Amino acid sequence: MAARLVAKRLLEIRSALRPSPLIALSNGASSSRSFSSALNYHLESPDNKADMIWEFSKANMEKVKEIISHYPSNYKQSAVIPLLDLAQQQHGGWLPVSAMNAVAKIIEVAPIRVYEVATFYTMFNRAKVGKYHLLVCGTTPCMIRGSREIEDTLLKHLGVKRNEVTKDGMFCVGEMECMGCCVNAPMITVADYSKGSEGYTYNYYEDVTPKRVVEIVEMLRRGEAPPVGTQNPERIRSGPAGGNTTLLGEPKPPPCRDLDAC
Ligand code: FES
């Protein structure tokens, strides 16, 4: 009885200490304020409230069933990433806490299990993004090849700060770490939410220059589809600019081993 009273009192103290516009992401089952970071909290706003109703569309519900069918029935929770991804596509590129709660309900886990995933992976956005989410690779090879200049150009051209959405809701610029095509550094990727979850695409633009990224943005604004891959006309995919300088002939086959000599 005494333990229960103490626990109740602790909960009261904890909620009194919690800043008023914030609610704990874990629906009350969570960490103490002194050890929390921004990631442990969800900032309530008119379009992102914990008590909002969020549901998958009818068409996406079919996809949900299909995704879950890939896992054993007692491991439904393994579907958390594809389901969050689908929810994000349906919601125009970001995940309100109510969508995370809907996913938790479907896979039958505590909401905190879903928040843990959504806050860990940077491809899940927990605030509004533009219809075109431009992500500049900030890791060393791209940085050495001018990614800072690429980002500055994009921010200046769009008149926004990093992660801020343009007034028309079309664009925002963020940073990602290595996206695995360092041989074509610097590169950006564009998550395209303009056609909802049906037409969602995630496109790499490589060997970009400040001039080229502005052209890409303007093409997207006009509803065009810039060609993906290397933007350097002298390169074919990740081959050397201007063609090969070595290995020009047919490679010699490896010498056959004389098995009889062994
Ligand atoms: S460092 Fe940019 S893709 Fe690897």
Side-chain angles (χ1 to χ4, degrees), residues 37-39 80-82 84-86 88-89 92-95 116-166 170-195 197 199-221 224-247:
S37 70
L39 290 181
V80 63
I81 288 182
L84 282 176
D85 185 40
L86 185 62
Q88 178 162 282
Q89 289 169 29
W94 68 288
L95 282 171
E116 283 166 353
V117 175
T119 53
F120 181 80
Y121 291 103
T122 53
M123 279 173 74
F124 292 126
N125 307 308
R126 286 173 301 114
K128 243 182 194 163
V129 294
K131 279 185 184 162
Y132 299 99
H133 191 193
L134 316 175
L135 293 154
V136 181
C137 175
T139 308
T140 316
C142 283
M143 195 185 73
I144 292 169
R145 299 273 297 152
S147 64
R148 291 278 175 267
E149 210 188 335
I150 299 292
E151 188 187 17
D152 290 348
T153 305
L154 284 171
L155 296 176
K156 205 166 151 215
H157 181 70
L158 295 168
V160 287
K161 299 194 190 84
R162 190 190 279 179
N163 297 326
E164 188 189 349
V165 183
T166 52
M170 290 277 281
F171 298 99
C172 69
V173 182
E175 186 183 313
M176 278 277 254
E177 296 316 318
C178 181
M179 288 182 260
C181 58
C182 328
V183 73
N184 291 77
M187 62 83 68
I188 64 167
T189 190
V190 178
D192 178 350
Y193 298 101
S194 63
K195 298 178 197 75
S197 48
Y200 171 74
T201 53
Y202 191 79
N203 304 313
Y204 277 24
Y205 300 94
E206 303 151 9
D207 296 307
V208 288
T209 60
K211 182 169 171 278
R212 186 58 187 157
V213 284
V214 170
E215 287 169 2
I216 290 170
V217 165
E218 290 311 310
M219 285 172 86
L220 293 171
R221 198 194 295 282
E224 296 167 18
V228 295
T230 180
Q231 305 297 303
N232 180 345
E234 291 192 5
R235 293 188 83 175
I236 298 173
R237 298 190 182 91
S238 49
N244 289 3
T245 53
T246 61
L247 303 175

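Only a predicted model underlies this, so the values are computations on that prediction, with no experimental measurement involved. When a ligand or atom number is given, it counts from 1 through the structure's own listing order.
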Q | Derivation of the side-chain contact (heavy atoms from CB on, under 4.5 Å) call for F171 and V217 | A | CA-CA 9 Å; F171 298 99; V217 165; 3.8 Å; yes

Using every non-hydrogen atom in the two residues, find where [X] and [Y] come nearest and quote the distance to one decimal.
X	Y	result
P227	R212	CD-NH2, 4.0 Å
E149	T153	O-OG1, 2.6 Å
G174	N163	CA-OD1, 3.5 Å

Q | N, O or S atoms of the protein lying under 2.8 Å from atom 2 (Fe) of ligand 1 | A | C137 SG, C142 SG

Q | Candidate pair T119 and R126, rule side-chain contact (heavy atoms from CB on, under 4.5 Å), full reasoning | A | CA-CA 8 Å; T119 53; R126 286 173 301 114; 3.5 Å; yes

Q. Among all residues two or more places apart in sequence or in another chain, which pass the ring-ring contact (aromatic ring centres under 6.0 Å, His included) test with Y200?
A. Y193

